[in-house]
Amino acid sequence: MNYYIGADLGTSALKLLLVNSNGEILNTITKEYELSFPNPGWSEQNPEDWWNAFKLGVKELLKSFDVSLVKGIGIGGQMHGLVVLDKDDNIIRPAILWNDSRTDKETDYLNNVIGKQKLSELTANIAFAGFTAPKILWLKNNEPENFKKVSKIMLPKDYLNYKLTGVHCTDYSDASGMLLLDVKNKCWSDEMLKICNIAESQMPTLFESFETVGAVLPHIAAELNLNANIVVIAGAGDNAAAAIGTGTIKDGKCNISLGTSGTVFISSDNFSVDDNNALHSFCHASGSYHLMGCILSAASCNKWFCEDILKTNDYDKEQVNITDDKLGNNDVFFLPYLMGERSPINDTDARGTFTGLRMDTTRTDMLQAVLEGVAFAIRNNVEIAKSLGIKIENSCLCGGGAKSELWQKILCNILKVEIHIPMTKQGPGYGAAMLAMVGYGEFANVKECANTFVSIKKTITPDADISSRYEKQYKKFKEIYPSMKKLFKKIK
């Protein structure tokens, strides 16, 4: 029996899983770290905090287990973050994260001077504030001394892989979100690198997510009490890793994630781009492609409202009074744009709003509006997919928000599709462990691994009456942002 370590490098914590070659999760460890907001709209972390969390977490994870059985490590991680190293591989500045919105000018330059059509031709995508390329331009424009020091540009999970192996690497799924990769042809875009004033030598080596990038360095293995011959695979961006963990591999399969951010992930055998680039066109960790819509605030909206506004950690208690008769009958609406918004509106000026408050509005009404607002924003992305002729009859659901049975029901009826809850809820970490198994040779390919391990725990089906009520509510929701758009620019 072999063991594999799967990791999910999240925005607030690193989650580690120990999985055996039967797909059973033997142990889990979570290590939290700080998130810094040095200026309004900024979001940063110290990559060393990730590495320290990984080292401490692995030691705890393997306590009481035979470490000689560990054969591979796979990491899924938060996408788009800019990690820059100097010629000695020292960190130059804190990582600029996926939910950072400081790059208004750079994003506008890329989309409107370089041009959206040109960007789409080069990378299959347009510029979003959270992508890596605008961050590189921001660094060049605002911290020129730091920009001059840059020897290597990396993504968050790739920094951990580098620390483990000494190899500057990334995988195609994560690289797709940099706006530097020619997604269709799976290579760095020479023209995009020139636009960002960087050289290919500064970029990491590209791998498929399931490919081995190297073995754990001897001195690191000794420090972590591991064998030095443990393979480290390239891993994947968190959403692609989660899709592997939920078995979202076949053409047209859908996975929705309610994590800090929210995503609609649609696997595709063939490369495709929607006309307006409202959805991202990325490489999949399975070796194929996928379309993805991302909302920047999902479960984080619920956390913000409960913990920061209501001052409670008892999420279940707050939801208990939201009964079926209230679903689709709420007078309060919520725009979940707490960090601006990406898909499909691409507006960093957008803000969260409550609409429809009255003297008799309760905290329960407002909480319900938060849960519904996130689900409505998810539907905005599903509607784009439908406009491409993609039929979504069901979807897996993962992420922290997926634990809420109420939210499952709300999402199911707003989308009017069956929602499948996987047996294993550790999406990105479990998917990363599966990729490690493929990389080590336990399975011939990712599809074979997913068919072996992924199963559905339960299915939620839409209720005709609730869905009908929500259809009317969604039409109202869609009118709120266009009505507020001009005002958002004035109050930013």
Side-chain angles (χ1 to χ4, degrees), residues 2-9 17-25 71-77 79 155 157-158 161 169-177 181 183-184 186 206-214 230-257 263 265-272 280-292 395-396 398 420 422-456:
N2 295 326
Y3 295 164
Y4 297 88
I5 295 173
D8 174 13
L9 180 68
L17 282 70
L18 184 64
V19 183
N20 67 19
S21 49
N22 287 333
E24 299 167 324
I25 298 176
K71 302 300 181 183
I73 298 173
I75 303 174
M79 298 178 68
L155 294 160
K157 67 128 178 34
D158 302 326
N161 281 343
C169 58
T170 193
D171 78 291
Y172 293 113
S173 75
D174 215 356
S176 297
L181 187 77
V183 172
K184 182 178 182 180
K186 294 190 173 182
L206 290 160
F207 293 85
E208 291 286 1
S209 298
F210 48 82
E211 288 184 320
T212 298
V213 301
I230 294 173
V231 301
V232 178
I233 54 94
D238 51 5
N239 294 298
I244 299 300
T246 59
T248 309
I249 296 171
K250 292 172 61 178
D251 188 56
K253 285 271 285 182
C254 181
N255 180 61
I256 293 171
S257 175
T263 58
F265 185 110
I266 304 166
S267 181
S268 177
D269 289 343
N270 302 304
F271 171 81
S272 63
H280 309 326
S281 181
F282 289 170
C283 297
H284 194 349
S286 64
S288 59
Y289 297 94
H290 73 270
L291 293 172
M292 185 175 77
S395 175
C396 279
C398 67
H420 296 162
M423 191 67 68
T424 301
K425 297 179 181 179
Q426 305 285 352
Y430 194 66
M434 290 166 62
L435 290 169
M437 292 182 198
V438 176
Y440 184 72
E442 291 270 4
F443 295 92
N445 52 56
V446 175
K447 183 177 181 180
E448 180 183 305
C449 185
N451 288 341
T452 302
F453 292 145
V454 178
S455 59
I456 302 303

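Note that these values count all heavy atoms, side chains included, but never hydrogens, waters or copies made by symmetry.
The CG atom of L155 lies 11.0 Å from the CG atom of L9; values are rounded to the nearest 0.5 Å. The distance from the CG atom of L181 to the CG atom of D174 is 10.5 Å, given to the nearest 0.5 Å. Distance CD1/I75 to CG/D158: 9.0 Å, rounded to 0.5 Å. To the nearest 0.5 Å, atom CG of residue N239 and atom NE2 of residue H290 are 7.0 Å apart. Of the inter-residue distances, the one linking L18 atom CG with I25 atom CD1 reads 10.0 Å to the nearest 0.5 angstrom.
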* side chain to side chain contact (heavy atoms under 4.5 Å, CB included) between T170 and L206: does it pass, once the steps are laid out? -> CA-CA 5 Å; T170 193; L206 290 160; 3.6 Å; yes

* **Step-by-step salt bridge (charged side-chain N to carboxylate O under 4.0 Å, His left out) determination, D238 to K157** => CA-CA 9 Å; D238 51 5; K157 67 128 178 34; over 6 Å; no

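A heavy-atom distance below 4.5 Å is not found between the side chains of V232 and T212. Annotation: side chain of I456 is in contact with side chain of C396 (closest heavy-atom distance under 4.5 Å). F271 has its side chain within reach of S281: a pair of non-hydrogen atoms, C-beta onward, lies under 4.5 Å apart. You'll find the side chain of H280 stays beyond 4.5 Å of the side chain of S176, heavy atoms only. Here the side chains of I244 and H284 are in contact, with some heavy-atom distance below 4.5 Å. Considering only heavy atoms from C-beta on, V19 comes within 4.5 Å of M437 through its side chain. The side-chain heavy atoms of L291 and S268, taken from C-beta on, include no pair separated by under 4.5 Å.
Within a 6.0 Å radius of NZ in K186, more than 12 heavy atoms belonging to other residues, nucleotides or ligands are found.
The minimum heavy-atom distance linking L435 with A236 is given by the pair CD1-CB, 4.1 Å. The two atoms that bring C398 and N255 nearest to each other are SG-ND2, 3.5 Å, heavy atoms only. Contact between G245 and V454 at its shortest, heavy atoms only, is O-CG2, 3.6 Å. Here the closest heavy-atom approach between residue P428 and residue A241 is recorded as O-CB, 3.5 Å. In plain terms, the two heavy atoms of M434 and C449 that are nearest each other are CB-SG, 3.7 Å. What you find for C254 and I266 is that their closest heavy atoms are SG-CG1, 4.3 Å.
Using modelled atom types, one side-chain atom of S267 and one backbone atom of I249 make a donor-acceptor pair closer than 3.5 Å. The backbone N or O of E24 sits nowhere less than 3.5 Å from a side-chain atom of N22 that would complete a donor-acceptor pair. Between the T246 side chain and the A242 main chain, a donor and an acceptor come within less than 3.5 Å of each other. Using a distance-only test at 3.5 Å, with no hydrogens or angles considered, a donor-acceptor pair links the side chain of S209 to the main chain of G235. The backbone N or O of G237 sits less than 3.5 Å from a side-chain atom of S173, completing a donor-acceptor pair.
Checked against the 6.0 Å centroid threshold, F443 and F453 count as a close aromatic pair.
Pairs of residues two or more places apart, or lying in two chains, that qualify as side-chain hydrogen bond (donor to acceptor under 3.5 Å, both in side chains) and include a residue from residues 440-452 are N2-E442, Y4-E442.
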